[in-house]
Amino acid sequence: MRLKERLGESGNLSVRRGVCLQAGWGRRALYLLVVQALFVLPSPLAHAAAPSVLVRWYGHAFIYLIASTGIRIAVDPFGDETVHYHFPGSLQADVVLISNEANDRSAGERIQGSPQIFRSVAALGTNNARGLLFRGILTFRDKSQGAIHGHNTAFVFELDGIRFAHLGDLGHPLSPELLAEFGKVDVLFLPVGRDSLMISELDKIASDLSARIIVPIAYRTELSGDLELRSLEGYVDSRPNIRWIDGAEFSLSASEIPPTPMIYAFRGTP
């Protein structure tokens, strides 16, 4: 009887040992699978793309931006009485910013999607448009306080950690008071075509704003109509710090802002 009891106890012990061994191997196998998954499976945080802004040039001074949040901003859409660029059909935006009422910059009605439109002097000061905080800054289209061509509103706003400035049809250097209103700028849309500003003055404006990406706009092409404008080549003049953009758009994240100023010039016309 004792022998049977011993045999029974021994048998149960063997079974228990087998179960424990199996459980141990199971835990060990699970541990190995978890470790392997950590090394093999990509981490969504490690590979998450940095938020970026799509910048598109539609011709002349018309710039269109889409932030990672989806907000769409159109600046200085042109009318059909001056320049001859193709206006995109059914283009929608959330916010439209207009620097002055000249036909080549004021066609906000051509933008669809029921945008909020801010027209020249009505856009001065700090504004909140559908979540976009922007500042309209009073400037002029000439060096005579607007006596010849009138006033101009420049715009400053931030998207995805990038500070943009669109100077509209600026026609004079920036005073220290105006520079204080702008603050430092990452991306500057600089109207380079008007001969009221010399190249050296354009360079000083970009330098004073600490712009690290300068995007030339509003220069002469075969689609500029009768507007008297300097050509892009007249502004570029074989500079070494140029990145040529094939097509009419580029994407930009805050981490891609260059440490020293670069000119992002569009090759050809849109």
Side-chain angles (χ1 to χ4, degrees), residues 52-68 71-80 82-100 102-108 110-113 115 134 152 154-157 159-160 162-170 185-194 202 205-206 209 211-225 227 229-236 239 241-253 256-258 261-270:
S52 62
V53 181
L54 176 68
V55 178
R56 181 166 182 84
W57 177 58
Y58 279 112
H60 197 47
F62 184 7
I63 294 293
Y64 184 79
L65 306 100
I66 305 176
S68 65
I71 191 168
R72 302 158 299 180
I73 304 159
V75 189
D76 277 3
F78 50 78
D80 58 1
T82 47
V83 298
H84 306 305
Y85 295 94
H86 170 71
F87 198 95
S90 303
L91 183 67
Q92 298 191 1
D94 301 293
V95 181
V96 177
L97 306 177
I98 292 172
S99 65
N100 64 79
N103 177 261
D104 59 320
R105 295 166 182 271
S106 62
R110 303 182 81 177
I111 306 293
Q112 300 185 21
F134 73 90
N152 174 74
F155 298 102
V156 183
F157 51 88
L159 298 172
D160 290 319
I162 305 170
R163 190 170 174 82
F164 294 89
H166 190 297
L167 298 185
D169 194 19
L170 181 73
V185 169
D186 296 313
V187 179
L188 176 64
F189 299 107
L190 181 65
V192 301
R194 291 277 297 277
L202 291 169
I205 289 170
L209 291 172
R212 287 184 286 170
I213 293 179
I214 300 101
V215 182
I217 58 171
Y219 48 81
R220 164 157 289 284
T221 74
E222 66 272 18
L223 301 175
S224 296
L227 294 177
L229 299 170
R230 177 188 292 119
S231 68
L232 177 62
E233 290 73 19
Y235 168 71
V236 171
R239 299 175 189 244
N241 59 328
I242 297 178
R243 176 186 171 188
W244 288 100
I245 306 295
D246 291 322
E249 68 178 41
F250 61 89
S251 292
L252 184 69
S253 65
E256 295 173 321
I257 301 291
M262 287 289 296
I263 295 172
Y264 279 33
F266 296 107
R267 196 189 303 275
T269 55

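Between F189 and F155, the gap from one ring centroid to the other reaches at least 6.0 Å. A centroid separation of less than 6.0 Å is found between the aromatic rings of F87 and F78.
Between F157 and I73, some side-chain heavy-atom pair lies under the 4.5 Å cut-off. In this structure the side chain of V95 never reaches within 4.5 angstrom of the side chain of P115, judged on heavy atoms. The closest side-chain heavy-atom distance from I162 to I213 is not below 4.5 Å. Residues L227 and V83 are in side-chain contact: their nearest non-hydrogen atoms beyond the backbone lie under 4.5 Å apart. A heavy-atom distance below 4.5 Å is not found between the side chains of T221 and L232. Contact check for L167 versus L188: side-chain heavy atoms found under the 4.5 Å cut-off.
A93 and I111 make their closest contact through CB-CG2, 3.5 Å (heavy atoms, listed as atom of the first residue, atom of the second, distance). Across every non-hydrogen atom of A61 and R105, the tightest pair is CB-NH1, 3.2 Å. The minimum heavy-atom distance between L229 and R194, with the atom names listed, is CD2-N, 4.2 Å. The minimum heavy-atom distance between Y85 and S224, with the atom names listed, is OH-OG, 3.8 Å. Closest approach of P216 and Y235 over heavy atoms only: CG-CE2, 3.8 Å. Of all non-hydrogen atoms in S52 and S251, the two that sit nearest each other are OG-CB, 4.4 Å.
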Does the pair D186 and R163 meet the rule for a salt bridge (Lys or Arg N to Asp or Glu O under 4.0 Å), with working shown? CA-CA 5 Å; D186 296 313; R163 190 170 174 82; over 6 Å; no

Pair F164-L65, side chain to side chain contact (heavy atoms under 4.5 Å, CB included): steps then yes or no: CA-CA 10 Å; F164 294 89; L65 306 100; 3.8 Å; yes

Give the intermediate values and the outcome of side chain to side chain contact (heavy atoms under 4.5 Å, CB included) for residues L190 and I217. CA-CA 6 Å; L190 181 65; I217 58 171; 5.7 Å; no

Take V187 and V55, measure what side chain to side chain contact (heavy atoms under 4.5 Å, CB included) needs, and give me the verdict at the end. CA-CA 11 Å; V187 179; V55 178; 6.0 Å; no

Working note: S99 + D169, criterion side-chain hydrogen bond (donor to acceptor under 3.5 Å, both in side chains); need CA distance, chi angles, decisive distance, verdict. CA-CA 7 Å; S99 65; D169 194 19; over 6 Å; no

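With rounding to the nearest 0.5 Å, the separation of CG in L223 from CZ in R220 is 10.0 Å. Taking CG from N241 and CD1 from I263, the interatomic distance works out to 4.5 Å, rounded to the nearest 0.5 Å. To the nearest 0.5 Å, atom CD1 of residue I66 and atom CG of residue L54 are 5.0 Å apart.
Taking the six-membered ring for Trp and thresholds of 30 and 60 degrees, F62 and Y64 have ring planes more than 60 degrees apart, a perpendicular arrangement. In this pair, Y264 and F250 present their aromatic rings perpendicular. The plane angle is above 60°, beyond the 30 to 60° band.
In this structure, R230 is not positioned above the aromatic face of Y219 in the sense of NZ or CZ being under 6.0 Å from the six-membered ring centre and within 45° of the axis.
No donor-acceptor pair closer than 3.5 Å links the side chain of D76 to the backbone N or O of I63. The closest donor-acceptor contact from the side chain of S231 to the backbone of G234 lies under 3.5 Å. Remark: side-chain polar atoms of R239 are paired, donor with acceptor, to backbone N or O of V236 under 3.5 angstrom. Between the side chain of R110 and the main chain of P77, no donor-acceptor pair closer than 3.5 Å is present.
Using a 4.0 Å cut-off between charged side-chain N and carboxylate O, R72 and D94 make a salt bridge.
Residues satisfying the side-chain hydrogen bond (donor to acceptor under 3.5 Å, both in side chains) criterion with S253, sequence neighbours excluded, are S255, E256.
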